[in-house]
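What follows is a short report on a single structure.
One-based numbering, in listed order, for ligands and for the atoms of each. As a basis for the values below, the full set of heavy atoms in this structure was taken, side chains included, without hydrogen atoms, waters or symmetry mates.
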Amino acid sequence: MDLFSYRDGDVFCEGVRLADIVEQVGTPVYVYSAGTIRHHYRAIIEAFEAVKPLICFSIKSLSNLQILRLLADEGSGFDVVSGGEVARVLAIGADPGRVVFAGVGKTDREINEAIAAGVGLFNVESEQEFENLSRLAGAAGRTVRAALRVNPDVDPKTHRYTTTGKKETKFGVDIERAERFFETYGRDDNVRLDAIHLHIGSPIYSAQPYVDAINKTLKLMARLSAKGLEIRTLDIGGGFGADYVEGQSPLAVDYARQIVPLLTGTNLDVILEPGRQIVCNAGVLATTVLYVKQGGERNFVIVDAAMTDLIRPALYESEHFVYPARLADGAQPPTRRPDYEAPDGIRVDIVGGVCESSDFLAKDRVLPVMERGDLLTVFSAGAYGAVMSSQYNSRPRAPEVLVEGDQWRLIRRRETYDDLFAAEQDS
Ligand code: LLP
C-alpha cells in the first residue's frame, strides 16, 4: 500500500502533484509520503499486537531527521549501526533507551559514545567485541545491556549481498558457539547479557526463514535456561519485504501469522527492526529526461538521476518500476511491474550520466516514447535510496521532500558545489 497514484494523468503523492514539487525544487528529487510511512509502521504494530513488540526502525534504510522524528512521534525506537546513527537519534531528542546498536565493527569511540548516550541494547557480534564492550563499560563505571547476535544458519533466499544469517557470513556468532558464549560471558559484571538478536537478511519474501531461525533460537534458549542463563529479550531483526512489484511481498500480518504463535506464552520481550517495509513504497525518485539516443539496437533514455542517487540497480540488479509522471491524454495508469509494457511503447534502458556502464536505473522497459524534459518517476525508492547516494563524479546529492496531505516541505536541501569540497583543505 502507498499513497502515490495517478490522478487525471499525473502522479500524485498524497494530495500533491509530483510535478508541482519538481517545479520548485528541480530534479532529481526524493519525495516521501508521511501517510505511507505511518500506515506501514502501524500495520506492523497491529499485526504483532499479541506480543507487544518494540519496533526499532532501522535507520540505515532512510535516515533523514524529519523521517526519524515522524517515527519517534509514532512511538518507534531505532536500530542503529554506527556512531553517526546514534548521533541522529540524539539530534531528534529520541529516547536512547529504545535504541539497539548492531554492527560487526563498532569502534571504541562509537561504543563509548553509545554508553554515554545510554543506548538500550548492544547487539554484540563476536567474543572480542563483548570483551571490549565490558572493558569500556567498566572504565566508564556503567552497566550496559547486550544481546548476542546469533547466526542461525538459515537461508533467507535473497540476494547474496544482503544475506546475513547463513554460516560463513561475517555477521553474528554461529549458533553452535552461542551456548559457550553465554556460559563464558553470561555473568559479566559490566554487561548484562540476557538477550538474543537475529537478523538473517533483507528482503525476505517469506515468513519461513524467520520461523526456522526462531525455532532454532528457542531451542538454544531452553538449553541456556537449563544452565540458569535466562534470556529475556528476543530481537528478530529486520528484513520484511516490500512491493517493488505489485503484490510481491507478504504483508506484516502474513509474517505475524507465522511468527507470533512461536512467541506468545514465552514471556520474551520482542524487538523488531524493520526498515524497508516501512519506507520502501513511501518514497519515489523524480528525474527528468535529458536526452534520448540509440546505441546499436538499444534505445537509451538518459536522465538527470544516476547511480549516485539510486545505486540499487547497479549494485544488486534490483528492479524499480519507472514510468512517466504524466500520462498521454486518455492513457491508462500502468500496473507497477517492471515487465509492464506501455501500449505503443518502445523498449529502452534508463541510464544516468555517470561514467560507468553499470550506471543504469532500469533496463529493458517498454515506456511511452520519451522526449527531452519529460518527468519520470522511479517508484519504491524510499528504502536504501537517498541513504546510499554518493557524490561520485562530484555530483551534489539530491534533495528530499516530505508530503503530508496537501502540504509538502523540503527536509533536505539540494547539495551545492561548496558542499562537495567543504570538508577538504585548500592548502
Ligand atoms: N537490522 C539489521 C541488523 C540490519 O542489518 C538491517 C539491514 C535491518 C535491521 C533492516 O532490514 P530491512 O527491514 O530494511 O530489510 N542496501 C540493501 C539492504 C541492506 C540491508 C542491511 N541491513 C538494499 O538496498 O536492498
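Between D174 and R180 there is no salt bridge, since no side-chain nitrogen of the basic residue lies less than 4.0 Å from a carboxylate oxygen of the acidic one. Using a cutoff of 4.0 Å between basic side-chain nitrogens and carboxylate oxygens, D2 and R336 are scored as salt-bridged. Ionic pairing of D364 and R298 is present here: one or more N-O contacts between side-chain nitrogen and carboxylate oxygen are shorter than 4.0 angstrom. One finds a salt bridge joining R135 and D108 here, because a Lys/Arg side-chain nitrogen approaches an Asp/Glu carboxylate oxygen to under 4.0 Å. Between R38 and E404, at least one side-chain nitrogen of the basic residue sits less than 4.0 Å from a carboxylate oxygen of the acidic one, meeting the salt-bridge criterion.
The atoms of ligand 1 that sit less than 4.0 Å from any heavy atom of E273 are 1 (N), 2 (C), 3 (C), 8 (C), 9 (C), 10 (C), 13 (O). Here is the list of ligand 1 atoms found below 4.0 Å of a heavy atom in P274: 13 (O). With ligand atoms numbered from 1 in the order given, ligand 1 contributes 11 (O), 12 (P), 13 (O), 15 (O) to contacts under 4.0 Å with heavy atoms of G239. Less than 4.0 angstrom separates some heavy atom of R276 from each of these atoms of ligand 1: 12 (P), 13 (O), 14 (O), 15 (O), 18 (C), 23 (C), 25 (O).
Considering backbone and side-chain atoms together, Y384 places an N or O closer than 3.5 Å to an N or O of ligand 1. On a distance-only criterion, D79 and ligand 1 share at least one N/O pair closer than 3.5 Å. Close N/O approach between G275 and ligand 1 is found [any backbone or side-chain N/O within under 3.5 Å].
The shortest side-chain heavy-atom distance between T169 and N151 falls under the 4.5 Å cut-off.
In the candidate list S58, C280, C56, S58 is nearest to atom 8 (C) of ligand 1, counting heavy atoms. When the heavy-atom distances from atom 23 (C) of ligand 1 to Y244, Y316, F240 are ranked, the shortest goes to Y316.
At least one heavy atom of R312 sits less than 4.0 Å from an atom of ligand 1.
A side-chain N or O of Y185 and one of E131 form a donor-acceptor pair less than 3.5 Å apart.
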Under 3.5 Å, side-chain donor or acceptor atoms of residues 85-100 against the rest of the protein: list the pairs with distances, not counting sequence neighbours.
{"residue": "E85", "atom": "OE1", "partner": "V81", "partner atom": "N", "Å": "2.8"}
{"residue": "E85", "atom": "OE2", "partner": "K60", "partner atom": "N", "Å": "3.3"}
{"residue": "R88", "atom": "NH1", "partner": "S63", "partner atom": "O", "Å": "2.9"}
{"residue": "D95", "atom": "OD1", "partner": "G97", "partner atom": "N", "Å": "2.8"}
{"residue": "R98", "atom": "NH2", "partner": "G75", "partner atom": "O", "Å": "2.4"}

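Contact annotation: for M388 versus ligand 1, heavy atoms closer than 4.0 Å belong to the side chain alone.
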